[in-house]
Amino acid sequence: MYLAEVFVYLRPSIQDPQGVVIENTLKKLGFSSLDRVRTGKYFQLSLSSASEDEARRDAEKMCRDLLSNTVIEDFRVSVRPAS
Amino acid sequence: MYLAEVFVYLRPSIQDPQGVVIENTLKKLGFSSLDRVRTGKYFQLSLSSASEDEARRDAEKMCRDLLSNTVIEDFRVSVRPAS
Amino acid sequence: MRTCQEVELMNLKMDEYNEIVRRLGREPNDVELGVFSVMWSEHCSYKSSKALLKTLPVTGPAVLQGPGENAGIVDLGDGQNALAFKIESHNHPSYVEPYQGAATGVGGILRDVFTMGARPVAILDSLHFGSPDHNQKNAYLFERVVAGISWYGNCMGVPTVGGETKFDDIYSRNPLVNAFTAGLVKKDRIRRGLASGAGNPVIYVGSKTGRDGIHGATFASDRLDENSDNDRPAVQVGDPFSEKLLLEACLELFETDYVIGIQDMGAAGLTSSSTEMASRSGTGIRMNLDLVPQREENMSAYEIMLSESQERMLLVARKGTEDAVRVIFEKWDLNFAVIGEVIADEELIVMHHGQVAARFPLTALEPPVYQRPVTPRPARIFSLPPESLKSDPLVQFSEMIALSPCLRYAGQVFHKYDFQVGTDTVIGPGADAAVLRIKGSSSAVALNLESQARLCYINPFEGIRAVIAEAVINQACVNAYPLGLTNCLNFGSPEKPEVMWEFSEVIRGMRESCLFFDIPVTGGNVSFYNDFGDSSIHPTPVIGLAGLVQGSIRQAEIVPASIFLAGELCENLAGSVYLRHFHQTPGGDFSIDLEAVKRLQALVLDCHKNGFIHAAHDISDGGIIYSLLEWIALCNGLGIEINDQQAFSSTGVVFSELPGRVLLLVKNEATARFISSAKDQGLPVRRIGSIVKNPVFKINGIDLDLENLLGHYFKASPELRCFTVK
Amino acid sequence: MKPRAAILLFPGSNCERDAFYGLEQTGFDPCFLWHKESRLDPEIRLVIVPGGFSFGDYLRCGSIASHSPVMSAVRKFADNGGLVLGICNGFQILTESGLLPGALLINRTLNFRCHDVFLRCDNTSTPFTSAIGGPLKMPIAHYEGNYQVSGEELADMERNSQIAFRYCGPDGVYAEGCNPNGSTADIAGIFNKQKNVLGMMPHPERAVENLLGSTAGREIFASLLSSLEQSAAGGMN
Ligand SMILES: Nc1ncnc2c1ncn2[C@@H]1O[C@H](COP(=O)(O)OP(=O)(O)O)[C@@H](O)[C@H]1O
Ligand SMILES: [Mg+2]
């Protein structure tokens, strides 16, 4: 069993209104070291693929097919054996 | 400058309707190696904290104060110098 | 001199380019060329449609604002309120990114209405998609578009109170997403897109400018093809939260007299808003782009001028009120910047980094007007072998409802919309038209959207007459009389002579029916280039009517009583779901008798006035039998028994969808008076059956399996079934 | 004198005017209170946290609003026994603020849902519910109304009679499919321990006129009115 963690985030040029609102709120709450917030999605996939490589390939395909919207988002996948 | 990546995810005991639907859809799309999907949120925080440790402390406090709802969610933070 | 290729990359024709050079007396620089390119795009310039649109009737006693502004306005006759309303297409963006595309479409039409000084009170949407049943892409587009509309409208707190959902595979590669908004404005508080008074400040408010949607307007004027999926720069991301703040701030500003004029930055952004406001006022504008709030670094003048970032407005205020205006926008956490001023010369001067980025006389920007070639064609008549209509219509109905996505509960869409926020929705989605009361006024408005693309495909002239007839009858069903019409004309490429002919026929039919019913056209939108590769969509004019409720308002009641059919029995299947489903054809010849429709309208309004009826419902998609089923679905526990051999034995009569027939639920005590009233008006009416106290659907003694029919009806949204009870 | 009711106003609220109208129709004297205010007028007897999309519903519904200055004032007001009603997004703001237990997740159907539901009142001896008769027909309009609370906490709440409303069929008993969002124990609304704070997903302010299809919301406002009258007569508060 493998655990794939998937991070989906907006491309740099795409506006992130949610990130802006969160950023402003955190600043108002006094977090002065904060510069910028960008938001995204996070998925944990439990996979029974045969190998780590295969698990990665599966997860990446899932990203392209469903989990990310490639018109506005990029993604990253990280795989490790499930504990 | 540091980049903190924040992952916020539902506690194991909390139902994740979105995860269930995504899981079913992926299975229908033929991803037979998939066992389970859990969904969460992902944030990229750019921080001008004085040190990596301070950046981590800042980010963790942001999680407790705003980014996560501890009634239902857990979080994890990973920090590295910004490139 | 630029090459032909460079010019075409800007979506201009070489002779258009030469005309620009002639008018300027020199070559335009890149920024200027960009400005001309978007302003002369079909989407912004109406260059192919303007000559024909001019023939529509646009005046009337109720019209306070006709075409030419961001929205039309009609007087509601209560001495204080007026209604601003308009429809817009967002077809191509919704294909490339359905969720954001549809959402920003809603955002755009809302801004068009609130720039007029109106608070938006209702959204309606017209959706045309390929069948979602056997095609994942269609299903995906449909679901995401509905989600996008739902997100934006709900977040704005504007109820989505009606619309239409149509499926036909002709739209698989080019779905249509049209959104309509109506807003209320006090008659003496109407705002317009003007930039008068040299020296007055030009102010930018709202979200920051980014690189999103550059060339959106030209994109809308381009055909879709295999590469459209990669058309990324055109994708704009919506932020309904910012728009809500912008709405509240603008309405607060309109309470003052600081504003001279305001216009939203929609298609072609800063370019169109600045040049249009100045042109309307015979003035010019000088702007410094360094002062424009920017989201991204190192944006060029070209990018700033052409960006279509959402949730932005341009306004001209009285000199000296800048700070007061600033206070209002800062209260709502919005960006505010004085970016220039009005100048007396009719000129656009754009500064960037201390240099002139563009400068030319605004008169040079007046777009060309084309008389495109037109090739007439005869009505498309598709005939069927006569025996094909011989089967039992009741059996065919069961089959159709099981398989056709066109005959499913539209609640799968509209229950995802908040249709009640505002607490004015007296009749919401699911009825023939929506009705909104106006708090503090005796007036109430009725709104509906209609289209009949298959009829327009067979015969565009008769087709649009059918659409308007149906829209008028739908208004009558909720006791309303139309005040004004807006339209969204979705067509293929105007460079195809046959499309241009369809367009001209639709305009001719619209002109004729509007004159006939005395309905002024107060605005509209043209969406050409709805093509995929070489094929075009059916001509799909969508009509939005705004009407005034006659007398007191109330909801319909489905209770045990007699059902009458008013209007001639019609046996023509043209355009029907039936022919589409069983014979994959749009159908044969037809024509619409507007005189008869007008008599029917009068009768239905009369029935309301005299209190003869509990409810009225027009016959439309799916025919009379489907209209009856819609009634049963709404009145959990009750049923319908029909006893009328003539009306329910022939396939033609059962499934005909042509407008001109209405179901009336007549009160027992009023039956005699109703019948004699119909006789006086020379309109045939017949009692076809009644609503009964047990849940059955019986036609001439045959018990249709109601449970099974309802199962199919609610197939796309079974979870809603127990919540539809009235 | 009509009791004064303050309706909180956050950027992105959108049911505040509906609440204003509903309160006027049912015998209150409503006013708005901007989110940046940090105190409540002493004459305020009821606080309404209205529906909408405060701060765009970004991050989690209600999370950002719960950090507004006005919410600190509301917390004090509630600690002193003041009556607070959170509707829809207002309910979400109250759970995010910790004024009410639990959390509201996305609907199980993953759809925004807008339609009438039926509610059964579980505790009619509170200031919000004393005038409630039979089952209530009321509209919902939400995407995140799926109320979740741990089993232990639920047991606690039940023991304390903190369940205000549960979804039910038209006749007041549970019916298949009547729960629109998948909430724990079909919960539609809950009280705090002291019963002076109520959060609910359905919209009582949308149900005060026959013209719009239901007057069930009046039963809640009438309860509030009579409890405020009593406490005024008793010189309490
Ligand atoms: N996309 C939509 N948005 C809102 N309401 C809709 C939508 N589609 C359909 N409706 C509503 O559902 C009802 C039936 O729709 P439909 O069957 O398309 O209309 P028609 O009666 O004109 O054939 C109408 O009241 C309409 O307002
Ligand atoms: Mg209709």
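Everything numeric in this text was worked out from a predicted model, so none of it was measured. Proteins come first, then strands; the chains are lettered A, B, ... in the order of their sequence lines, and each starts at number 1.
The minimum heavy-atom distance between A/Asp65 and B/Phe31, with the atom names listed, is OD2-CZ, 3.6 Å.
Taking 4.5 Å as the limit, some side-chain heavy atom of B/Ser33 sits within range of a side-chain heavy atom of A/Leu47. Residues A/Leu34 and B/Met62 form a side-chain contact, since some pair of their non-hydrogen atoms from C-beta on lies under 4.5 Å apart. Using a 4.5 Å heavy-atom cutoff, the side chains of B/Met1 and A/Asp35 are in contact.
Contact annotation for A/Leu66: only side-chain heavy atoms (C-beta onward) come within less than 4.5 Å of a heavy atom of chain B. With a threshold of 4.5 angstrom between heavy atoms, B/Leu67 approaches chain A through side-chain atoms but not through N, CA, C or O.
Here the CD atom belonging to B/Glu23 is positioned 9.5 Å from the CG atom belonging to A/Leu45, to the nearest 0.5 angstrom. Between the CG atom of B/Leu3 and the CZ atom of A/Arg36 there is a distance of 11.5 Å, given to the nearest 0.5 Å.
The pair A/Glu5-B/Arg76 meets the salt-bridge criterion, since a charged nitrogen lies less than 4.0 angstrom from a carboxylate oxygen.
Among B/Lys61, B/Arg38, B/Gln18, the residue making the largest number of heavy-atom pairs under 4.5 Å with chain A is B/Arg38.
Using a 4.5 Å cut-off between non-hydrogen atoms, the part of residues 7-14 of chain B that approaches chain A consists of B/Phe7, B/Val8, B/Tyr9.
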side-chain contact (heavy atoms from CB on, under 4.5 Å) assessment of B/Ile22 paired with A/Phe43:
CA-CA 10 Å; B/Ile22 293 174; A/Phe43 304 94; 3.6 Å; yes
